[in-house]
Amino acid sequence: MPKLKINDIEVEVPAGTSIIQAAEQLGIEIPRFCYHDKLSVPANCRMCLVEVKGGPPKPQASCALACAENMEVFTDSEMVHKARKGVMEFLLINHPLDCPICDQGGECDLQDQAVAYGFDRSRYFEAKRAVKDKELGPLIETNMTRCIQCTRCVRFASEIAGVDDLGLLNRGEDVEIGTYISKAVESELSGNLADVCPVGALLNKPYTFTARPWELRKTDSIDVMDAVGSNIRIDARGNEVMRVLPRLNESVNEEWIADKTRYAYDGLKTQRLDRPYVRDTSGRLRECTWEEAFIYAAGKLKTLQGSEIGALAGDLVDVESTYALRDLMRALGSNTMDCRVDGADLDASEACGYRFNTTIAGLEQADAIVLIGTNPRKEAPIINARIRKAWLTKRTPVYVIGERLELNYPYTYLGAGADALEKLDIKAEKPAIIVGMGALRIDGAAVLALARKKSVVTAEWNGFNVLHTAAGRVGALMVGFAPQAPFSTKGIKAWYLHGVDNAEVFQHVIAKEAFVIYQGHHGDVGAQRADVIFPGAAYTEKAALYVNTEGRVQMARAAVSPVGQAKEDWRIVRAFSEVLNVPLAYNTHADLRKRLSAEIPAFANVGEITPVEWKPFGKEGTISATSFTSAVANYYQTDAISRASVTMANCVESFGAPLKIAAA
């Protein structure tokens, strides 16, 4: 490990560390435009110049220069100041002076560094160059005259997103970023292009000209558009969510988020349930008070036995409300409750059998990855990016059992169904097997048992993984929101549906004559079928716990208030229990959390994954010859929020719902 001095401060760093990285460890700021710690190093902006004692008599690019033993580096010498002013003057030759109207204003690296390191005047009076804007699709707005050719967007698209749509075209003063063929950037991670751009050349199109950053109230929270649990920041003005941005979490989403996470928030503004409803004798839903809705629903449930009442929890539900609903069902004498509303035959008895045991970050250590009945590009783009990273850095081989997929890395196709899984014999020390929901719809217990037998599990490695598609599923399974006996809908006369908007539930589970209480936040499939509607809060409107697919407990925070008369979901269940004369044993959120953590200690470890014991799960048996298919056909519209989103509808129109299938 070389030792060196930066501004006369000694530091020891691992071999291969660049000067810019070593300076960051010391808290010394070195300006940069092209350098990004998650991307390859092009060293083409020259803003990160430093002086190296005893080296060449000119400044060096610190991003591309590795630290060496006894090196002496200066980041604030006269040579460095002069060089930075020259570079900044060069970058501003053609840059338009439109900061007052640029959406990047207040968050612009070029703006900040021009103030900190630039010169106070320009020597150029020639006409500035103008570059034609590009049409990259419904998510990214372009103003290419502002581009400084840092190539961050090109490297992100190629290295992280895995789409080679962008490139640096032409030479000299004619150089510009563009698509080789005029087309939209078709990637589930394309919104990150706006984040990596250090100027106002690439912008968040739906957010353009809506707000300034200093107007926004910023709240750290968790995404629920898939089961990854990406860490996000919700920016709001008043009681309106204006945008969603990523937060750094190296263990989960690094610093990226998927496009649905970033752009589906406009669905929070439309088709909202903002007051209670009951269905009158004419068959129409009419507005009513909370008291009237509670009394009406309780009157029906009080006429039934506990065995005649069932409850289902949907994909976006939080832990606390599911826990409260579980307690309510038990108080009513019902054990008919389930959260597996997509039909996945998922063994709920052992946590190791429904978690992503390798962990998301752990995928980078795998020496082989097997995808069974899943398309991570649609179901979990952030996990798909990890798989691509493993292939890109280590050439980790990827195998697919199920339908042929269009992935952004090469793979070996093994077959369509159980026969291929039975023959699976991967010669690897740390293989990661990823079972998707699509493989568990038919004979799921037998599929799990077979996949378990094919997995490698040691003291240092657990290669068995289940990739969920629902943000609330793992948390609901942890609190026991699943039947103790085989799930049966026979004799159920009333259903309490908590955020259930899966059309197949109403086709195959809910009887036409059954009484339905629907608690949720959108007027989607569930609300249309309901006899009583309790308006709940969306994920941006409540403080709540969620558990991601790897079993990591995370906390979402309220960025805005619930709309209209809507309430936090656990409060609705608690209030309804009073009307049913079975009051729950907690009156505040703190009391509920305390009781929850006492019963299940894992919920006290927010941000962590509590280890679980490896035990047998699933049930060995015959598996039908049906092919495994992905559980997600249309990435952009998978839940009530994204289906209400205009931006997501535009994506479907631009890109089409299904991705094209390519040969392996």
Side-chain angles (χ1 to χ4, degrees), residues 227 229 310-330 334-357 372-374 433-452 455 462 464-489 492 495-500 502 504-505 508-509 545-553 596 599-603 609-621 623 631:
L312 298 175
D315 293 346
L316 307 183
V317 296
D318 60 275
V319 171
E320 292 94 330
S321 60
T322 308
Y323 181 75
L325 184 56
R326 184 209 70 176
D327 286 352
L328 177 62
M329 289 297 107
R330 289 180 178 178
S334 172
N335 188 48
T336 305
M337 61 185 98
D338 207 346
C339 59
R340 300 164 294 184
V341 293
D342 57 357
D345 186 7
L346 187 64
D347 188 346
S349 61
E350 300 296 340
C352 61
Y354 58 75
R355 295 205 327 193
F356 204 91
N357 296 289
I372 303 173
T374 180
I433 290 179
I434 302 176
V435 182
M437 293 296 105
L440 304 178
R441 289 178 172 174
I442 300 176
D443 302 321
V447 172
L448 285 173
L450 182 55
R452 171 174 55 83
S455 301
N462 189 327
F464 177 82
N465 305 284
V466 172
L467 178 55
H468 290 271
T469 56
R473 183 73 51 83
V474 176
L477 291 172
M478 287 176 65
V479 301
F481 202 87
Q484 302 301 313
F487 185 75
S488 174
T489 61
I492 302 298
W495 288 95
Y496 196 127
L497 304 183
H498 181 15
V500 178
N502 306 65
E504 55 267 26
V505 169
H508 306 297
V509 179
L545 296 176
Y546 289 91
V547 185
N548 75 347
T549 190
E550 57 183 352
R552 187 183 304 274
V553 178
L596 174 65
E599 180 179 341
I600 309 170
F603 287 108
I609 301 174
T610 301
V612 293
E613 187 178 350
W614 180 254
K615 295 181 179 180
F617 54 85
K619 184 178 182 181
E620 295 188 24
I623 305 174

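All values below were derived from every heavy atom in this structure, side-chain atoms included, with hydrogens, water molecules and symmetry-related copies excluded. Quick caveat: nothing in here was measured; it's all calculated off a predicted structure.
- The side-chain heavy atoms of Leu596 and Leu545, taken from C-beta on, include a pair separated by under 4.5 Å.
- To the nearest 0.5 Å, the span separating CG on Leu316 from OH on Tyr546 amounts to 7.0 Å.
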Apply the test side-chain contact (heavy atoms from CB on, under 4.5 Å) to residues Val553 and Val319: give CA-CA distance (whole Å), side-chain angles for both, the deciding distance (0.1 Å), then the verdict.
CA-CA 10 Å; Val553 178; Val319 171; over 6 Å; no
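- Considering every non-hydrogen atom in both Ala227 and Ala470, the closest pair reads CB-O, 3.5 Å.
- Of all heavy-atom pairs between Ala313 and Val341, the closest is O-CG1, 3.6 Å.
- Across all non-hydrogen atoms, the minimal contact from Thr469 to Met437 is OG1-CG, 4.0 Å.
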Take Tyr354 and His468 through the side-chain contact (heavy atoms from CB on, under 4.5 Å) test and state the conclusion after the steps.
CA-CA 8 Å; Tyr354 58 75; His468 290 271; 4.0 Å; yes
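- When side chains are defined from C-beta on, Pro483 counts as touching Arg340, because their heavy atoms get closer than 4.5 Å.
- Note that the CD1 atom of Ile372 and the CG atom of Asn465 stand 10.0 Å from one another [nearest 0.5 Å].
- Checked against salt bridge (Lys or Arg N to Asp or Glu O under 4.0 Å), Arg355 has no partners two or more places apart in sequence or in another chain.
- In this structure, CE in Met337 is found 9.0 Å from CG in Leu328, a value given to the nearest 0.5 Å.
- Within the 4.5 Å cutoff, side-chain heavy atoms of Cys352 are placed close to those of Asn357.
- If you take CD on Glu320 and CG on Leu325, they are separated by 13.5 Å, rounding to the nearest 0.5 Å.
- Put simply, CZ on Phe464 and CZ on Arg452 are 8.5 Å apart, with the number rounded to the nearest 0.5 Å.
- Of the inter-residue distances, the one linking Trp614 atom CH2 with Asn462 atom CG reads 5.0 Å to the nearest 0.5 angstrom.
- Counting heavy atoms from C-beta outward, Val466 and Val474 have side chains that stay 4.5 Å or more apart.
- With sequence neighbours left out, Pro611 forms a side-chain contact (heavy atoms from CB on, under 4.5 Å) with no residue at all.
- For Tyr323, the side chain to side chain donor-acceptor pair (under 3.5 Å) partners two or more places apart in sequence, or in a different chain, are Glu599.
- Side-chain N or O atoms of Ser334 include none that pairs as donor or acceptor with a backbone N or O of Arg330 at under 3.5 Å.
- Taking each heavy atom of Ala482 and Ala348 in turn, the nearest pair found is CB-CB, 4.0 Å.
- Ile492 pairs by the side-chain contact (heavy atoms from CB on, under 4.5 Å) definition with Thr336, Trp495, not counting sequence neighbours.
- Within the 4.5 Å cutoff, side-chain heavy atoms of Phe603 are placed close to those of Val479.
- Leu312 has its side chain out of reach of Asn502: every pair of non-hydrogen atoms, C-beta onward, lies at least 4.5 Å apart.
- Contacts of Asp347 classified as side-chain contact (heavy atoms from CB on, under 4.5 Å), with partners at least two apart in sequence or in another chain: Ser349, Leu448, Phe617.
- Listed here is the closest heavy atom pair of Pro616 and Glu350: O-CG, 3.6 Å.
- Taking Asp342 as the reference, Arg473 meet the salt bridge (Lys or Arg N to Asp or Glu O under 4.0 Å) condition, with sequence neighbours excluded.
- Scanning both residues, Ile433 and Ala451, for their nearest heavy atoms gives CD1-O, 4.1 Å.
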